[in-house]
Engineer: 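Submitted below is the structure of interest, expressed as structure tokens.
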Amino acid sequence: MLKLHDTATGTIKPLTLRRNDEVSMYVCGPTVYGPPHLGHGRFALSFDVLRRYIEFKGLRVIHVSNITDIDDKIIERAGVENVDCATIASTYEKTWWESMDKLGVLRPTYVPHAVSYVEAMVNLIVKLFDLDVAYELSDGIYLDVSKVSDYGLLAHQDLASLKSGARVEIDENKRSPLDFVLWKLAKPGEPRWPSPFGNGRPGWHTECVVMSLDLLGDGFDIHGGAQDLIFPHHENERAQAVALNRVFASHWVHNGWVTVSGEKMSKSLGNYTNLEELLNSHDSRAYRLLVLRSHYRSPIEVTKETLSEADTAIKRLDRCANRFNLQNNCSPRLNTAMCSNSCDITELKKFEDAMDDDLDTARAVAQIFDLINKANLAKDNSDDSNAELFASSALLFANALGLEAKTESDSIDSFSESLRLQREEARKNKQFDEADRLRVELEELGWTVEDSKDGTKLSKQ
RNA sequence: GGCGGCGUGGCCGAGUGGUUCAGGCAGGGGCCUGCAAAGCCUCGUACGGCGGUUCGAUUCCGCCCGCCGCCUCCA
């Protein structure tokens, strides 16, 4: 039984499902106004791992993750680049998916775009207005949070304490500083859609409540995002659902953020690292390993050093796959039933115990490396059957976490191949000076040279 | 002011009331190897400070110190 931390209750509780064979999960996606940074990569990886693990356990996952393609930030960016908002959105959505593909993040089942949901959002705002929980000001429609009985549930704050701490300049027109905008009337030159309140655009918080309920229906299982979305974004989404008397998410999951020198990484602080840059300068699996190495709710510090370590550790996984010649099929359809034949049952149980415990991926990763060690040891002792069982267990669990070992042999050009053969010949004839010279030459060509009883093997450095 | 999190060995990073260890990276020693590489073995005796509970605390409680986050931009 999978247990997960739930922000609403502040406890780790069993994941209870609406239907017993299917998990409905909504994860707040990016606003596409710039290239993704490491924080985006982390939330995407965190929920990708959750999804993969649930599928590994044999359940179907309906994973919805939106693209916010209309927002103040996009309008601002469009102004800076002197293009229209749609161009900004499509440009950065494209880079978003490129990064996701490199990270090995599975595509969500559905990817709703805010722009195609505007009409539905207007309908929802009209309902809120008719219920008298929303009111009109000169610049738009606002939700009156005092009409929502348990507002502050996710933030674990009551209305009074939230008010007292307001750090942002208070808009005196609003009934309460906490009231939030549902519909923004368009200023000249801004993109606009029709509504009974006048032409304008939806507020951010309305988007996700409409799209999640539309695609997943009332009482869906998991609503997720990074911790900085808890308040106000998720609080406000929930407020609208509560005001409409609709059953919203039953489990709230939030991941921790990426820090730089101990401080939160964010675009507004300007200390962010572009995700693409990272993916271009490291093994694309290194960041996943780094994310998996710590708990999803802990902050992670990403540095050149920790990334290089991860690069090295990934190679250990690859070497294991190569040594045992295991084709690591990375299909997300792999599940416990299917792999119980090819892995050690005790180890599988241990892996599930770790993962069921609020996704303790750090423990799971440790187990994987421990299994690699056991496999190598058994192999060194010629205990081939156990060795293979441990190795395939390790790779299956890695697979379940989305870490794919690379097993394809490197294609060797004919020149390098001739050097390799010459080296084998030289070693056979005990011409070690010549063999050493050939090794240096091969290394300069970018190969790692390994000798064994079976001859000389080359692999890319 | 309100609410929450964190402080572990050279570095990163889990975990736990007590003899048996997280794991990765780096380092020392060894096995293997013509020499390497890979692999294996082995070593380093860590848990912010001060009290308390306890037969025993890094793990529970209290206080203190330090760091970080949220309180209508944010993944």
Side-chain angles (χ1 to χ4, degrees), chain A residues 10 27-31 36-44 46-47 71-73 145 152 155-158 160-171 174 176-181 204-205 224-233 235-236 254-259 262-269 272 289-290 293-295 297-303 305-306 308-316 319-320 322-323 354 360-370 372-373 375-381 427 430-433 435-436 439 443 448-453 456-457 459:
Chain A
V27 182
C28 282
T31 301
H37 62 64
L38 265 42
H40 294 100
R42 185 179 189 192
F43 99 77
S46 298
F47 287 96
D71 179 85
D72 291 6
K73 295 246 162 109
V145 300
H156 293 285
Q157 303 261 347
D158 57 28
S161 58
L162 281 166
K163 260 185 222 173
S164 69
R167 60 167 178 158
V168 167
E169 197 177 332
I170 292 170
D171 178 350
K174 292 197 285 187
S176 156
L178 293 165
D179 293 348
F180 59 91
V181 69
W204 181 38
H205 312 308
Q227 280 169 356
D228 45 4
L229 296 185
I230 296 171
F231 195 93
H233 185 53
E235 190 75 57
N236 290 349
H254 294 101
N255 68 277
W257 37 64
V258 178
T259 60
E263 282 192 316
K264 178 184 169 189
M265 174 185 291
S266 76
K267 288 189 190 176
S268 43
L269 286 176
Y272 70 92
L289 181 64
L290 215 50
R293 248 176 29 161
S294 61
H295 189 88
R297 284 187 287 113
S298 306
I300 50 169
E301 181 82 16
V302 179
T303 64
E305 289 73 25
T306 58
S308 310
E309 278 188 13
D311 279 338
T312 311
I314 281 286
K315 283 185 192 140
R316 189 164 161 82
R319 276 189 235 110
C320 175
N322 277 314
R323 182 172 190 190
D360 195 342
T361 53
R363 226 158 86 204
V365 166
Q367 188 194 356
I368 288 167
F369 282 99
D370 195 46
I372 291 173
N373 177 258
N376 282 323
L377 180 58
K379 183 76 178 172
D380 286 354
N381 292 329
R427 289 187 69 239
K430 304 207 184 300
Q431 296 164 341
F432 297 122
D433 286 350
D436 290 347
R439 177 165 60 202
E443 282 169 352
T448 296
V449 181
E450 291 181 50
D451 301 320
S452 73
K453 291 166 192 70
T456 296
K457 262 178 75 176
S459 55

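No hydrogens, no waters, no symmetry mates; every other heavy atom, side chains included, goes into these values. First the proteins, then the strands, lettered A, B, ... as listed; each starts at 1.
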Engineer: Are A/Lys264 and B/rA75 close enough that a side-chain N or O sits under 4.0 Å from OP1 or OP2?
Structural biologist: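 No, no such contact exists.
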Engineer: What nucleotide, of B/rA75, B/rG13, B/rC73, holds the atom closest to the side chain of A/Leu229?
Structural biologist: B/rA75
Engineer: Pick base, sugar-phosphate or nothing for A/Lys457, based on heavy-atom distances below 4.0 Å to the nucleic acid.
Structural biologist: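 A/Lys457: no heavy atom of the nucleic acid under 4.0 Å.
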Engineer: Hunt down any stem RNA chain B takes part in, defined as 3 or more consecutive Watson-Crick or G-U pairs whose two distances are each under 3.5 Å.
Structural biologist: B:1-7 with B:65-71, B:10-12 with B:23-25, B:27-31 with B:39-43, B:48-52 with B:60-64
Engineer: Under a 3.5 Å threshold, yes or no: a donor from one side chain and an acceptor from the other, between A/Asp311 and A/Ser308?
Structural biologist: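 No, A/Ser308 and A/Asp311 have no side-chain donor paired with an acceptor closer than 3.5 Å.
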Engineer: What nucleic acid atoms does A/Phe231 come within less than 4.0 Å of, heavy atoms only: base, sugar-phosphate, or nothing?
Structural biologist: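 It contacts sugar-phosphate atoms only.
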Engineer: Between B/rU19 and B/rA57, how far is it from one C1' atom to the other, in whole Å?
Structural biologist: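 About 16 Å, rounded to a whole number of Å.
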Engineer: Picking from B/rA26, B/rC12, B/rG23, which would you name as closest to the side chain of A/Thr306?
Structural biologist: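 Selected nucleotide: B/rC12.
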Engineer: What integer number of Å spans the C1' atoms of B/rC50 and B/rG10?
Structural biologist: 28 Å
Engineer: Is the phosphate of B/rA14 approached by A/Ser298 (side-chain N or O, under 4.0 Å from OP1 or OP2)?
Structural biologist: yes
Engineer: Answer with base, sugar-phosphate or nothing: what part of the nucleic acid does A/Val181 contact at a heavy-atom distance below 4.0 Å?
Structural biologist: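 Touches nothing.
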Engineer: Let me have a per-nucleotide readout for nucleotides 36-43 of chain B, 5' to 3', with B, S or -, counting only protein heavy atoms under 4.0 Å.
Structural biologist: BBSSSS--
Engineer: Round to the nearest Å and state the distance from A/Leu162 atom CG to B/rG2 atom C1'.
Structural biologist: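 My rounded result for the distance is 9 Å.
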Engineer: One thing to verify: whether A/Glu450 and A/Arg319 come together as a salt bridge, which I'm taking to mean a side-chain N less than 4.0 angstrom from a carboxylate O.
Structural biologist: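 No, this pair does not count.
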